[in-house]
Number of protein chains: 2
Amino acid sequence: MPTMTAAQRRELEKIQFDAYLAECKSRELLETLSSKWVALVLSALREKGALRYSEIARTIAGASQKMLTQTLRALERDGLVSREVEPTVPVSVTYELTPLGDSLSGLVLSVKAWAEANMVDVMVARAEYDDRT
Amino acid sequence: MPTMTAAQRRELEKIQFDAYLAECKSRELLETLSSKWVALVLSALREKGALRYSEIARTIAGASQKMLTQTLRALERDGLVSREVEPTVPVSVTYELTPLGDSLSGLVLSVKAWAEANMVDVMVARAEYDDRT
DNA sequence: GGGGTTGCTCCCTTTCGGTAAGTAGGCACC
DNA sequence: GGTGCCTACTTACCGAAAGGGAGCAACCCC
């Protein structure tokens with residue numbers, strides 16, 4: 001797929017995207033954004049600024065190398081995160097939110113914060129539900 | 001697991017939940033919230049108010065019965081959605097956000113809206129990335 | 001007894017995601 | 001000068017889980 005011209009871009013912007021429609025590209029995008037790994041990586045980069053690969057790995061405990069790399073690649077491809085290789089020795093790679101990624105990270109960080117803040121309520125609800133059955 | 005006493009609840013509230021930790025319950029919760037189906041169901045209920053099962057199915061095109069039921073059960077168990085069976089004929093079941101669910105649905109709706117609004121930018125970024133490689 | 005609503009269950013395929021091992025490039029030690 | 005090590009991946013393998021489809025249950029009016 002070639003790079004888009006401004007005209008093509010304007011054409012696309014006329015389209016109304018609706019994630020409720022099965023075939024709509026925006027549902028696919030919503031799906032990729034709806035991943036705990038995406039949420040954790042974006043939250044980490046928002047809270048701590050630019051981070052090196054190993055720093056992200058340390059922040060998000062239990063994330064495998066494979067998962068991290070894969071998530072970062074996807075985020076880079078979608079223009080949410082920028083990747084910069086510094087020719088130090090050994091090589092170090094820094095990841096940072098792009099403006100686009102920054103506009104999203106606030107939203108997903110708030111979801112993560114909600115989960116942490118409302119964990120007790122959810123646990124109570126679960127206990128009651130499990131009793132009731 | 002039995003229903004919690006107020007004392008147990010207060011005990012729990014002292015705990016700091018942190019989704020960056022692999023073993024933390026809040027990461028597990030974040031994972032269940034990070035699902036396109038959860039996002040779509042919560043968004044639908046927020047935008048349209050209480051809905052019947054068949055209305056949700058119609059709103060979220062392409063969702064299988066199994067997926068819908070499963071998602072709604074999980075949301076009910078977590079106290080985000082209330083389920084009410086009306087003994088009409090045939091039986092009708094309405095789902096509605098609880099106050100807890102309402103406090104979350106705004107956040108996930110904003111993520112869904114972000115995906116729809118920024119679809120073009122992401123597609124442009126993808127095209128450029130695929131060119132570059 | 002057919003039909004419409006809301007499920008549940010079994011089967012099957014696809015995808016997710018962890019582990020472990022290998023790669024690259026350059027320095028550094030002995 | 002071979003060996004080793006560091007970061008940041010990449011790949012192959014494989015078990016676990018997601019998720020679609022189809023079929024069945026139950027209810028009661030018509």
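Letters A, B, ... mirror the listed sequences (proteins, then strands); counts begin at 1.
With D/dA8, D/dG19, C/dT5 as the candidates, the nucleotide lying closest to the side chain of B/Met67 is D/dG19. Considering only side-chain atoms of B/Tyr95, the nucleotide from C/dG7, C/dT5, C/dG18 that sits closest is C/dG7. When distances run from any side-chain atom of A/Ser64 to the nucleotides C/dG18, D/dC9, C/dT6, the shortest one goes to C/dG18.
The distance from atom CZ of A/Arg83 to atom P of D/dA8 is 10 Å, rounded to the nearest whole Å. Counting to the nearest Å, the C1' atom of D/dT11 and the NZ atom of A/Lys66 are 9 Å from each other. We find that CD of A/Gln65 is positioned 10 Å from C1' of D/dT10, with the value rounded to whole Å.
For the pair A/Ser54 and B/Trp37, both in contact range of DNA chain D, the more 5′-proximal nearest nucleotide belongs to A/Ser54. With the nearest nucleotide of DNA chain D identified for both B/Gly62 and A/Thr94, A/Thr94 has the one nearer the 5' end.
For B/Thr94 and B/Glu86, the side-chain atoms include at least one donor-acceptor pair closer than 3.5 Å. Defined by atom type and a distance below 3.5 Å, a donor-acceptor pair is present between the side-chain atoms of A/Tyr53 and A/Thr69. With hydrogens and angles left out, the side-chain atoms of A/Tyr20 and B/Ser43 include no donor and acceptor closer than 3.5 Å.
With respect to B/Arg27 and B/Glu31, no salt bridge is recorded, no charged nitrogen being found less than 4.0 Å from a carboxylate O.
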